[in-house]
Amino acid sequence: MLKKECIAMLLAGGQGSRLGALTRNIAKPAVPFGGKYRIIDFSLSNCTNSNIDTVGVLTQYKPFILNSYIGTGSAWDLDHAFGGVNILPPYMGETEGSWYKGTANAIYQNIDFINYYDPDYVLIISGDHIYKMNYSSLLKFHKEKGAEVTISTLQVHWEEASRFGIMSVDKDFRITKFQEKPSQPESNIASMGVYLFNWHILKEALFEDERDADSEHDFGKNVIPRLLSQGVNAYAYPFKGYWKDVGTVESYYQANMETLRPNESINLFDREFRIFSNDMVQTPHYVGTKAKIENSLISNGCIVLGEVSNSILAPGVYIGEDAQVKDSIILHHAKVHSKTSIERAIIGEKTEILSQCRIISNDYNSTATPRITVIPDHQIVQQSAFFEAG
């Protein structure tokens, strides 16, 4: 019987409520990023670039757009007959089914899927982070250490450490202590939410967690601490590179803006480690004779007749004559009509900003850092507007 050495399980079912209007109609992994991409592109591309050809995508919240976007997986070369990408929503089995109750329960409900491929190792990843990572290096580290569990980590600023799962490690990177979002962290070595398990270890841990009526069925809160208490060989893989959790409007906006400063962000133009996307075929972008574009990403299908600076235009965006867009993110097929000014804003998909509007945060002239104006998808804005962030 054929088998796989390592398969990936990609958690993509989160609601992403902290992203406010951006996830009102779609799951967080399907939110556009960097012009032509969606957030899930980064994890799927990491798998492709790491020669992991079997990926289970666990969906739950408003999955239609995400499922349609992934399709057969051909955009990421994940359309194989044995393996490829598989959409795994909650389902009714022999016992009473339910929605995924937590990250660990989501994997538990798909044990049969994993068993089908009989892997030696199972990689657990998330669909809502922006990063490039060669999982082959993680697997090599895992094998060399004789690990049973390896958690990919990075060092974060001390003031941010309480937002993460935090580890203490010895000189060999063996994990000696793990705390999920501690109020007083003892370390700044943070979990990236990327876990590599020996499958037989993970399978037993999932059954044990499911039997625990008091468990929240979460890897960080329950499964990892229990395994450590049982003395498994657990190691911290030190990741070196850009990684961003885009879980809030502010972090999403910041990560997008950082793509305009390639030395500070992920390199979208790296041909050796490409980020793939299922971007629909569009016409070339068009720049009018009076248009002015400065330090911006302009996707296919855009028509720019006005001024765009330090901004990101997703496919199919229209910027009218004498319109000004600055420090902003304009999502798919939005229209900004003539003589409109937009600063520090996120304009939703297929939203239309009519002529002579001014979109600006209500505290833009204050001494504090201005908040980000977010206008949801499919809106029509007819006059100058002052919006709260979110």
Side-chain angles (χ1 to χ4, degrees), residues 11 13-20 22-23 28 39 61 100-107 124-131 133 147-197 202 205-206 208-210 212-255 258 368-369 371-372 388-390:
L11 299 165
Q15 180 175 352
S17 57
R18 292 182 299 160
L19 281 173
L22 294 173
T23 52
K28 182 163 67 167
I39 295 173
Y61 173 79
Y100 294 142
K101 294 176 288 187
T103 54
N105 176 258
I107 304 300
I124 311 294
I125 55 179
S126 174
D128 53 10
H129 298 149
I130 305 300
Y131 69 117
M133 183 176 182
E148 295 169 305
V149 180
T150 298
I151 302 174
S152 187
T153 64
L154 75 169
Q155 290 189 311
V156 299
H157 295 297
W158 277 95
E159 59 269 22
E160 297 180 337
S162 60
R163 296 175 44 229
F164 297 91
I166 294 296
M167 279 150 280
S168 298
V169 301
D170 65 19
K171 62 181 180 180
D172 195 39
F173 298 103
R174 182 163 183 163
I175 300 171
T176 58
K177 189 174 183 179
F178 182 95
Q179 295 177 291
E180 180 69 5
K181 299 180 180 179
S183 57
Q184 295 182 323
E186 299 178 8
S187 161
N188 67 337
I189 300 174
S191 169
M192 296 169 57
V194 175
Y195 310 113
L196 182 62
F197 292 90
L202 175 59
L206 292 174
E208 186 174 358
D209 179 71
E210 197 64 21
D212 183 357
D214 296 325
S215 175
E216 296 181 49
H217 308 296
D218 183 84
F219 278 105
K221 294 178 181 178
N222 308 112
V223 174
I224 299 297
R226 182 182 289 117
L227 286 173
L228 287 172
S229 71
Q230 295 170 351
V232 301
N233 291 326
Y235 284 81
Y237 173 74
F239 175 71
K240 306 294 183 184
Y242 180 90
W243 179 89
K244 184 78 74 173
D245 180 352
V246 287
T248 65
V249 169
E250 290 76 15
S251 63
Y252 171 81
Y253 176 85
Q254 181 184 19
E258 285 172 350
T369 300
R371 286 175 289 181
I372 302 140
E388 298 286 348

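- Between Ile175 and Leu228 there is a side-chain heavy-atom pair separated by less than 4.5 Å.
- To the nearest 0.5 angstrom, Met192 atom CE is 10.5 Å from Ser126 atom OG.
- Here the shortest heavy-atom pairing between Phe197 and Leu202 reads CB-CB, 3.6 Å.
- Side-chain atoms of Tyr61 and Tyr100, non-hydrogen and from C-beta on, never get closer than 4.5 Å to each other.
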Go through Leu227 and Val223 one step at a time and tell me if the side chain to side chain contact (heavy atoms under 4.5 Å, CB included) criterion holds.
CA-CA 6 Å; Leu227 286 173; Val223 174; 4.0 Å; yes

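- Of all non-hydrogen atoms in Val156 and Ala190, the two that sit nearest each other are CG1-CB, 3.8 Å.
- Between Glu180 and Lys221 there is no salt bridge, since no side-chain nitrogen of the basic residue lies less than 4.0 Å from a carboxylate oxygen of the acidic one.
- Between the CG atom of Asp128 and the CG atom of Leu19 there is a distance of 9.0 Å, given to the nearest 0.5 Å.
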Before you tell me yes or no, could you show the steps for Lys181 and Phe164 under side chain to side chain contact (heavy atoms under 4.5 Å, CB included), namely the whole-Å CA-CA distance, both residues' side-chain angles and the distance that decides it to 0.1 Å?
CA-CA 5 Å; Lys181 299 180 180 179; Phe164 297 91; 5.8 Å; no

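- By the ring-ring contact (aromatic ring centres under 6.0 Å, His included) test, Phe173 is found to be paired with no residue, residues two or more places apart in sequence or in another chain being considered.
- The list of side chain to side chain donor-acceptor pair (under 3.5 Å) pairs with a residue in residues 151-164, not counting sequence neighbours, is empty.
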Under the side chain to side chain contact (heavy atoms under 4.5 Å, CB included) criterion, do Ile130 and Ile39 qualify, and how do the steps go?
CA-CA 7 Å; Ile130 305 300; Ile39 295 173; 4.0 Å; yes

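- Between the CZ atom of Phe219 and the OG atom of Ser191 there is a distance of 11.0 Å, given to the nearest 0.5 Å.
- Nearest heavy atoms, Asp218 versus Ala104: N-CB, 4.1 Å.
- Inspection of the Glu208 and Gln230 side chains reveals an N or O donor paired with an N or O acceptor under 3.5 Å.
- Proximity of Val149 to Ile224: side-chain heavy atoms (C-beta onward) are separated by under 4.5 Å at one or more points.
- Side-chain N or O atoms of Ser251 include one that pairs as donor or acceptor with a backbone N or O of Thr248 at under 3.5 Å.
- Residue pairs meeting the side chain to side chain donor-acceptor pair (under 3.5 Å) criterion with at least one member in residues 234-245, sequence neighbours excluded, are Tyr242-Glu258.
- With rounding to the nearest 0.5 Å, the separation of CD in Gln184 from CD1 in Ile166 is 13.5 Å.
- Minimum heavy-atom separation, Tyr195 to Gly220: OH-N, 4.2 Å.
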Intermediate values then yes/no, side chain to side chain contact (heavy atoms under 4.5 Å, CB included), Val246 and Tyr253:
CA-CA 8 Å; Val246 287; Tyr253 176 85; over 6 Å; no

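- One distance of note links NZ of Lys101 with CG of Asp209; it measures 9.0 Å at 0.5 Å rounding.
- Counting heavy atoms from C-beta outward, Lys177 and Met167 have side chains that stay 4.5 Å or more apart.
- Contact annotation: the side chain of Val169 never approaches that of Arg174 to less than 4.5 Å [non-hydrogen atoms, C-beta and beyond].
- What you find for Asp212 and His217 is that their closest heavy atoms are O-CE1, 3.8 Å.
- Between atom CD of residue Glu216 and atom OG1 of residue Thr103 there is a gap of 10.0 Å, rounded to the nearest 0.5 Å.
- Side-chain contact check for Thr176 and Asp170: no donor-acceptor pair (N or O, by modelled atom type) lies under 3.5 Å.
- Scanning all heavy atoms of the two residues, the minimum distance from Lys28 to Gly247 falls at NZ-CA, 3.7 Å.
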